[in-house]
Structure formats: structure tokens, C-alpha cells
Student: 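Shown below is the structure under consideration.
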Amino acid sequence: MKDYKEVAESWLKGDFDPETKCKIIELRNEDPAGFEDAFYKNLEFGTGGLRGIMGVGTNRMNKYTVGMATQGLANYMLSHCEGDDLKVCISYDSRNHSKEFARIAADVLSANGIHVYIFDNIRPTPEMSYAVRLKGAVAGIMITASHNPKEYNGYKVSWSDGGQVTSPVDKEIVDEVAKITDPSMVKFKSELKCGGIDVMGSDVDELYLRDLLSLSLSPEANKRHSDLKIVYTPLHGCGVRLVPEILHRAGFKNIINVPDQDVSDGDFPTVVSPNPEEPAALQMAIDRAEETGADIVIGTDPDADRMGIAVRDNDGKMVLFNGNQTGSLLTYYILNRWKELGKLTEGKYVVKTIVTTELITDICKSFDVPVYNVLTGFKYIAEVVKRQEALGGEFICGGEESYGFNVGEFVRDKDAQVSCLMVAECAAWAADQGMTLYQLMQKIYDEYGFRKEGLVSLVRKGKSGAEEIQQIMAELRSNPPRELCGSPVNKVVDYLEPEKTGQPKSNVLQFFDEAGDVVSVRPSGTEPKIKFYFGAKGADAEEKIALLKAQFVN
């Protein structure tokens, strides 16, 4: 294996642009540690694509690593996919260099004879998913690093159903990308065999919005409460136009923006992290709500696939809902409306991830609606939708605790646009019954029992950290807890045993007790962390969460 200095020297001597070479020399002279990190390995193309810090080097997101990834994807398509007109849809968010990376991907695919559809400007990840099926494409590429800090960017691949790639295609693409070991192997410029590059714009927006609006369940309630005050922030990202548009078209006339955060800016100047899971990310929107007397705050992440909300409590104070609460609230609303409209016939179902609240399971049981549990990641939800579609089933809705939710089958990924629509009309539906969203959540707890969730991530870096994480998992397998908060553990699920779980093999453990509490433990697949998810049921759920954290996390 080459030393990182040799790799960097090959870039300096190779066919790389002058700006790249100047930045390599600057990095070598001014930041030796950063220089080493930029070249000591190749940026890994994993099952979800690329994600990394932007900059020069083999271990960075730049036009050369993006080109290499695209060439590998093109080679896979050309060798595995049938047809004379292979198509790929491409979108990108507001991050720095996203447009440039998207254009490079389009050029490489075109040079390989693949037909490209690329959006004319920033668009949400879910609209890219929608476009894949609309255009009959083999794949989709989204240039985004979701909610990561501004230094990052990413390259996410979806397949022909609009869902993120899953096994075995994901691993096969990874293998093809790994064969591209040098930028000289990439067709950066169009050659004789050239695929067309077509631009998508408002034409696709109109179809996307039309189909999402067809999922509306309470148009009359929306009209009655059209003056509902909603503060919305895109957090400098892709939702800036389509979220307000879908709310206006659904009948909500009082959408209040946060002007400084409407600016599409990859530096995300008004937030430390553009992540709606972080309370600080929605603070400007909450301040705006206090100024205007708004009822609800909604914020979406940079690629507008995830959403966070804040609502007024019984004292009029703005409080944040977590992803479990929002997912439960929307599931309850949607199932109620489907029942009232006579739509809850056989074959309808809900999907959630295994670390998402069991409150959703309880809600679904009360409506006699099957709920499928899948591994963490929305690609597994999309996989169920694809499988059930072939059997005649119909996906109602589904989500994950990390603020992702979707409704209907038009999009095969989490979708903040339709989620924002459902939050607004859920508020209108609740208002018809004399309730706020906060009071509706209280009603759900009264009906199904109070639940509280908690998450602790232990960071363990380096080789020793990885070994410690492995040891924690090994110890939990050999010596599982007998009780959770004094209640006997009555079920242990080990996802390394796919023959028992019916799920793909995954390093995850779950412990359930008789009282309805659950603890899930899994090492992160992308970061040096081990994550502990705690779910407690009962009036003392908050106290239980504290006890569970003490029991599992030293």
C-alpha cells in the first residue's frame, strides 16, 4: 500500500487541474495532519454512497472522487441493466459544490452513453426519488450530506423504485466503484457514444405537488382553519419553495417565513448544525413564532427529507416534539381519517424502524392495521413498500425516530414536503375538535399510555474504540439484562440471527420487558459510536429513562 505522501505526489504529477495542485501544496505546507488525512486512504463508497469532508485528496469529496464513484456506477449499469436507453435522475441541495458535483456526475454518465435527467436548481431528495419512477430511470443520484456540518457533502444513490439501493445491488455497486482506482479511468468528457442530458424543472414540480396533494385527508378542515399561523424554516436548504407552496395549495394562508434562513447557503450561517433534531436549529423559527403569535413551527433539513416541529403547550409555551412524537401523532391522525373515510380495507399497512417508538405499534393495533418493523434506515421501509406492492398491499405511512416520515407510495424515501402538509392538516383536524396539537398528543398518551424515549451515543474513536464497542456488544450477548427498571425481560432479539428475525443480518440487540419498556443497542455504521435507544412506558416513563441510562451507560 502506498504511503500517503506518495499518493499526494502522484496527484501533483498527474493530470489534475492547477487549482487542485496548488491546494495540495498549501495543505502540505500549512496543515501536515490535514494533509495526511486527505491522502492516507480512499473515501469509501459504502452501501449508501459517499459522504465526507470536501477538499483535495483521495479521502475527500471533490470532483475526482465524485467522478470515480460515477464511473463505477456507470460500469455497473452498463454490465447489469438491460435496455438501449438507460436513464439516471440527478438532484442536488444547497451545500457548497453540490451543483458542481451534480454536473460532473451528469457529464460522466453522459460520456458513458447513459441518458441523464438533471434538475435545473436545488430540489429535495424525495423529489429526486419521485422523478426516478416518473422518468422510468434505472437510478437516481442526490448530492447531499443531509444534516451534516457545512464542511461535508455526499453522494446518495437510489434505484429504479426510487428507494435507496439495498442488497444485493448496493454491494455490487460498491465492488464496481472499488475497481476505479485512479481518475484516469473516468470518462470526464463526452465521447462518441454520448447520452443526452435533459433538464427537469417546474414541470416535475407540478406533478410532484399534484400527487402529494392528492394524499390530503381533511380539505374541509383546512378551509375552516386556513388562518392557522405556521412558521416555516428551510434552514438554508431545499424546502424553501416547495414546502410553503404545498401548504398554500392545501389552503393554509398564513405561512410565516424566517427571512435569514430562506437564503440557500451551504455555509448555513445562522445555525451551528442544520439539523432539525437539534433544538438550537429551530431557535430562530421559535423566536419568530413568539414575535408573530404563531401556532406551529416547522423546520426541514438541507435536502428537505426530514422535518422537526414545535407546538404550543397548555400554557402557551413553544415546546419541541421529537421524531417519535411527531411520527405517532401523524400515524394516529392518518389512521383516524382513513377509518372515517372508509379506506382501512384489507392489505393496508404501516412501517417503522425497530428503534422507533412502540407507541406507533399500539396505535396500529387499535385500528387492526399491520405494522412492519425494519432495520434502521428508510431504505428498508422502501424495500417493504416495493415487496408489498407486488402482493397488492398499500402503504399508508411510516417513519423513523430520526425525524423521517412518509405518506403514500409516490415517493420511496422520507419526505418532508408531505410530512409538513400532514402536520398542518392534523392541526386543522384537531382544531375542529377544539384541540391543539399538544392536546392531541396528550389525548394519544391518555388512550395508549404515556411513553418517553431517550438516546445516548457513546463515541469511541480509533482502533481501541472499535474494540471497546465490539466488547460491549459481546458482553450484552453473553450476559443480557434480566430486568429493565425492575420489570423482567421477556424477549431478547439479536439481529445477527436473520433466520429468527426475518431481517437482514445486522449488529443490533433489543431487550423488551413485561411493562412495555425496550432498549435497543447498535454500533453506528458511519461514525465511531455505539447508540443506546431507550423506550419507557407508563406514568413514570421519565424516571425509567434515567434508570435505563444508568443501567446501560456508565
Student: Looking at A416 and R306, what are the two nearest heavy atoms and their distance?
Tutor: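 For A416 and R306, the tightest heavy-atom pair comes out as CB-O, 3.7 Å.
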Student: Less than 4.5 Å apart, side chain to side chain, heavy atoms only: is that true for R522 and Y533?
Tutor: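 Yes, side chains in contact.
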Student: Could you report the tightest heavy-atom contact between T300 and G239, atom names first, then the distance?
Tutor: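 Distance-wise, the nearest heavy atoms are OG1-CA, 4.3 Å.
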Student: Do other residues, nucleotides or ligands put more than 12 heavy atoms under 6.0 Å from F367 CZ?
Tutor: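 For F367, atom CZ is crowded (more than 12 foreign heavy atoms under 6.0 Å).
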Student: Determine the interplanar angle of the Y332 and Y448 rings, folded into 0 to 90°, and report it as parallel if under 30°, tilted if 30 to 60°, perpendicular if over 60°.
Tutor: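 Answer is perpendicular, since the angle exceeds 60°.
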Student: Is the number of heavy atoms from other residues, nucleotides or ligands within 6.0 Å of CD (E389) greater than 12?
Tutor: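 It does: E389 CD has more than 12 such atoms within range.
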Student: Is the shortest side-chain N to carboxylate O distance from R95 to D303 below 4.0 Å?
Tutor: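 Looking at D303 together with R95, the answer is no, because their closest N to O distance does not fall below 4.0 Å.
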Student: Could you walk me through whether V521 and V508 pass the side chain to side chain contact (heavy atoms under 4.5 Å, CB included) check?
Tutor: CA-CA 6 Å; V521 188; V508 183; over 6 Å; no
Student: How many angstroms lie between atom NE2 of H147 and atom OG of S402, to the nearest 0.5 angstrom?
Tutor: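 Answer rounded to 0.5 Å: 8.0 Å.
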Student: Decide, yes or no, whether a salt bridge links E383 with R387 under the criterion of side-chain N to carboxylate O below 4.0 Å.
Tutor: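 So E383 does not pair with R387 through a salt bridge.
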Student: Does K179 come within less than 4.0 Å of E176, counting only side-chain N to carboxylate O?
Tutor: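 Here K179 pairs with E176 in a salt bridge, since their nearest N and O are under 4.0 Å apart.
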Student: If the test is salt bridge (Lys or Arg N to Asp or Glu O under 4.0 Å), which one of D513, D362, D517 qualifies with K537?
Tutor: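 Exactly one candidate clears the test, D362.
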Student: On the 0 to 90° scale, with breaks at 30° and 60°, tag the F395-Y349 ring pair as parallel, tilted or perpendicular.
Tutor: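 Geometry flag for Y349 against F395: tilted rings.
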Student: Does E400 pair with K414 as a salt bridge, N-O distance under 4.0 Å?
Tutor: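 Result for this pair is yes, salt bridge flagged.
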Student: Do the side chains of K549 and E543 get close enough for a salt bridge, i.e. N-O under 4.0 angstrom?
Tutor: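 E543 and K549: not salt-bridged.
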Student: Check whether F268 forms a cation-pi arrangement with K150 (NZ or CZ under 6.0 Å from the six-membered ring centre, at most 45° off the ring normal).
Tutor: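 Not flagged: K150 not positioned over aromatic ring of F268.
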Student: Taking the six-membered ring for Trp, is the centroid-to-centroid distance between Y92 and F101 below 6.0 Å?
Tutor: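 Not under 6.0 Å, so no.
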Student: When you check the gap from the basic side-chain N to the acidic O, do D161 and R133 get nearer than 4.0 Å?
Tutor: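 No, this pair does not count.
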Student: Taking 4.0 angstrom as the limit, do E497 and K505 come out as a salt bridge?
Tutor: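 Result for this pair is no, no salt bridge flagged.
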Student: Taking it one step at a time, do Q551 and L484 satisfy side chain to side chain contact (heavy atoms under 4.5 Å, CB included)?
Tutor: CA-CA 8 Å; Q551 180 180 351; L484 302 180; 4.2 Å; yes
